[in-house]
Undergrad: 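Please read through the structure below; I'll follow up with questions.
As a basis for the values below, the full set of heavy atoms in this structure was taken, side chains included, without hydrogen atoms, waters or symmetry mates. On a predicted model such as this, the values are computed, not experimentally measured, just so you know. Sequence lines set the chain letters: A, B, ... in the order given, protein chains first and strands last, and positions in each chain run from 1.
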There are 2 protein chains.
Amino acid sequence: MSNKLKVLIVEDEPVIAENISIYLDNNDFEVSAIAYDSEEAFAQLKTNTPDAAVLDINLESDQDGIDIAAYINKEIQIPFLFLTSYSDKHTLDKAKQVKPSGYIVKPFNEKTLLASLEIAISNFASEKNSSQPKLSMEKINRHLLSPLTEREFEVAQLAYNGITNSQIAEQTFISLNTIKTHLKSIYLKTEANTRYGLIVQLRQLMAK
Amino acid sequence: MSNKLKVLIVEDEPVIAENISIYLDNNDFEVSAIAYDSEEAFAQLKTNTPDAAVLDINLESDQDGIDIAAYINKEIQIPFLFLTSYSDKHTLDKAKQVKPSGYIVKPFNEKTLLASLEIAISNFASEKNSSQPKLSMEKINRHLLSPLTEREFEVAQLAYNGITNSQIAEQTFISLNTIKTHLKSIYLKTEANTRYGLIVQLRQLMAK
DNA sequence: AATAAAATCACCCCGTTGGGGGATAAGGTT
DNA sequence: AACCTTATCCCCCAACGGGGTGATTTTATT
């Protein structure tokens with residue numbers, strides 16, 4: 001089995017599509033398919049889901065590349081780049097709405113395409129993993145008048161993951177009473193006064 | 001006051017830097033500064049913080065563009081692109097670690113630079129706003145055996161924001177008992193059994 | 001018009017949680 | 001040695017939240 005990353009190319013110009021395909025093939029990517037129109041693109045996305053996509057915006061169908069991108073965001077969730085001749089304000093504004101990983105304007109440096117693809121896939125993967133955005137003690141303490149101590153942070157983390165005081169006590173091999181003591185101190189410092197208030201507070205501090 | 005977006009250029013080749021600068025200036029960006037080495041880059045980032053940065057990787061200083069990117073991530077938090085001649089595996093792998101918004105290889109299409117900058121800034125802004133990631137009823141229900149009703153979702157949202165049942169009751173003009181009833185139903189459907197368990201659950205469902 | 005689903009409300013009970021104290025031991029600093 | 005912070009633990013108690021059970025009204029849907 002190959003561990004090459006599969007890329008779908010959506011490009012209505014056969015010559016260009018073929019070029020891209022060959023270039024990707026020669027550089028450690030596997031082209032899962034070339035779609036010359038949106039119908040083919042949707043079909044490929046469903047049945048032969050790639051790891052990423054390179055999308056032309058102007059296609060000779062009623063649905064353009066941005067529609068495909070919207071579909072990807074809603075149903076497939078893979079990173080994608082736009083590769084197009086148009087970079088006027090209107091097109092760009094529409095492109096922004098679907099949050100592409102990159103936007104390359106033709107004529108383009110093929111190395112830019114490769115590099116952008118790699119970065120896009122890498123960023124996307126690390127974002128997925130950070131779905132459980134680990135709390136950073138540094139970051140949180142930066143926003144608190146009085147910083148959390150290590151133990152307190154540890155308890156806060158466990159509470160953040162939605163477990164009860166007894167479970168926290170078990171996992172840390174600390175008495176339940178001590179957990180409560182730590183939590184009291186945490187509440188003082190974070191100005192929270194409920195456990196769920198704390199979770200919300202931590203979420204917000206991490207987002208700053 | 002100008003509402004143009006300020007961009008810092010870090011590029012050790014004066015000719016190229018100047019070119020980029022002029023091009024950006026002519027296209028609705030304001031070049032906050034050109035830094036020819038990392039020291040200047042750090043200084044500019046601190047004292048004249050831009051909205052985005054274009055970074056060359058290979059600089060003639062001991063610190064390269066990736067170091068600058070790391071600094072940006074840690075201290076400044078703005079989007080940035082790499083614009084460089086090198087796209088070998090090693091450089092790319094190092095670049096991946098700092099999660100650039102884009103990676104453009106020289107020689108480059110200037111329109112690609114512009115478009116990439118716009119997209120980068122737009123994506124970054126919308127990510128920041130999603131710090132308060134609004135819950136999507138669609139997205140959550142997609143992962144539940146039995147979907148939340150509208151009222152239930154509304155209550156879940158309020159709970160997600162860390163307020164008490166009484167406060168939820170006040171805000172929705174519903175009796176406290178009814179809030180509790182809705183919550184019971186929500187717990188059944190989400191398989192949570194505490195309010196904070198629910199918050200964690202919702203966070204995870206939204207991340208999928 | 002009949003039926004199902006959703007929304008509204010009530011009461012009881014108990015467990016966890018949160019806030020009030022108070023206390024001792026370990027580690028680091030001056 | 002004196003001092004401060006951190007970490008550990010205990011008890012009490014009120015309050016909020018979660019679970020059980022039941023019931024009525026409103027809104028869709030057929």
Undergrad: Roughly how many Å is it from CG in Asn141(A) to P in dT6(D), rounded to a whole number?
TA: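 For the pair Asn141(A) CG and dT6(D) P, the rounded distance is 11 Å.
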Undergrad: So what does Ser175(B) hit on the nucleic acid, given a heavy-atom distance under 4.0 Å: a base, only sugar-phosphate, or nothing?
TA: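 Since only primed, P, OP1 and OP2 atoms lie under 4.0 Å of Ser175(B), the category is sugar-phosphate.
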Undergrad: Once rounded to the nearest 0.5 Å, what's the spacing between atom CG of Asn165(A) and atom CD1 of Ile174(A)?
TA: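 These two atoms lie 11.5 Å from each other.
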Undergrad: Students often get this wrong, so: under 4.0 angstrom with heavy atoms, is Tyr196(B) touching a base, only sugar-phosphate, or nothing?
TA: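 Sugar-phosphate, no base atom in range.
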Undergrad: What does Asn165(B) touch in the nucleic acid at a heavy-atom separation under 4.0 angstrom: a base, only the sugar-phosphate, or nothing?
TA: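 Sugar-phosphate, no base atom in range.
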Undergrad: Assess whether one donor atom and one acceptor atom, taken from the side chain of Thr164(B) and the base of dC16(D), lie less than 3.5 Å apart.
TA: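 Checked by distance alone, the answer is no.
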Undergrad: Yes or no on side chain to side chain donor-acceptor pair (under 3.5 Å) for Thr190(B) and Gln201(B), after CA distance, side-chain angles and deciding distance?
TA: CA-CA 7 Å; Thr190(B) 56; Gln201(B) 178 78 355; 5.8 Å; no
Undergrad: According to a strict under-4.0 Å criterion, is Thr178(B) in side-chain N/O contact with OP1 or OP2 of dT8(C)?
TA: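 False: Thr178(B) side-chain N/O out of range (4.0 Å or more) of dT8(C) OP1/OP2.
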Undergrad: Whole Å only: how far is the NZ atom of Lys180(A) from the P atom of dG20(C)?
TA: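 The answer, rounded to whole Å, is 13 Å.
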Undergrad: Starting at the 5' end of DNA chain D, which residue's closest nucleotide do you reach first, Lys189(A) or Leu176(A)?
TA: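 The 5'-side residue here is Lys189(A).
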Undergrad: Nearest whole Å is fine: how far is dT25(D) P from Asn177(B) CG?
TA: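 Interatomic distance, CG of Asn177(B) to P of dT25(D): 17 Å.
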Undergrad: Let me see the working for Glu11(B) and Lys106(B) under salt bridge (Lys or Arg N to Asp or Glu O under 4.0 Å), right down to the final yes or no.
TA: CA-CA 12 Å; Glu11(B) 167 66 66; Lys106(B) 299 173 189 170; 2.8 Å; yes
Undergrad: Which residue, Phe173(B) or Ala192(A), contacts DNA chain C at a nucleotide closer to its 5' end, judged by nearest heavy atom?
TA: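 Between the two, 5'-proximity favours Phe173(B).
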Undergrad: Identify which nucleotide among dT8(C), dA7(D), dC16(D) has an atom closest to any side-chain atom of Arg151(A), counting heavy atoms from C-beta outward.
TA: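 Between dT8(C), dA7(D), dC16(D), the one nearest the side chain of Arg151(A) would be dA7(D).
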Undergrad: Over how many whole Å does the gap from Leu198(B) atom CG to dG19(D) atom C1' extend?
TA: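 Whole-Å distance recorded here is 16 Å.
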Undergrad: Whole angstrom is fine here: how far is it from CG in Asn193(B) over to C1' in dG19(D)?
TA: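 After rounding, the reported distance stands at 10 Å.
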Undergrad: Can you tell me the distance, in whole Å, between the OH atom of Tyr187(A) and the P atom of dG19(C)?
TA: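 Distance, rounded to whole Å: 7 Å.
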Undergrad: Look at the side-chain N and O atoms of His182(B) and state whether any lies under 4.0 Å from the OP1 or OP2 oxygen of dA7(C).
TA: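 No.
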Undergrad: How many whole angstroms separate atom NZ of Lys184(B) from atom P of dC12(C)?
TA: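 Going from Lys184(B) (NZ) to dC12(C) (P), I get 13 Å.
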Undergrad: What's the CD1-P distance between Ile186(B) and dG19(D), to the nearest Å?
TA: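 Roughly 12 Å, once rounded to whole Å.
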Undergrad: Given dC9(C), dG18(C), dT8(D), identify the nucleotide with an atom nearest to the side chain of Thr194(A).
TA: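 Among dC9(C), dG18(C), dT8(D), the one nearest the side chain of Thr194(A) is dG18(C).
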Undergrad: Could you check whether Arg203(A) makes a cation-pi contact with Tyr160(A), meaning its NZ or CZ is under 6.0 Å from the centre of the six-membered ring and within 45° of the ring axis?
TA: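 Because its charged atom misses either the 6.0 Å distance or the 45° angle limit, Arg203(A) does not stack over Tyr160(A).
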Undergrad: When you measure from the side chain of Thr149(B), which nucleotide among dA6(C), dG17(D), dT8(D) comes out closest?
TA: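 Given the options dA6(C), dG17(D), dT8(D), the side chain of Thr149(B) is closest to dA6(C).
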Undergrad: Go through the steps to decide whether Glu75(A) and Lys46(A) satisfy the test salt bridge (Lys or Arg N to Asp or Glu O under 4.0 Å), and finish with yes or no.
TA: CA-CA 9 Å; Glu75(A) 301 293 338; Lys46(A) 268 179 239 175; over 6 Å; no
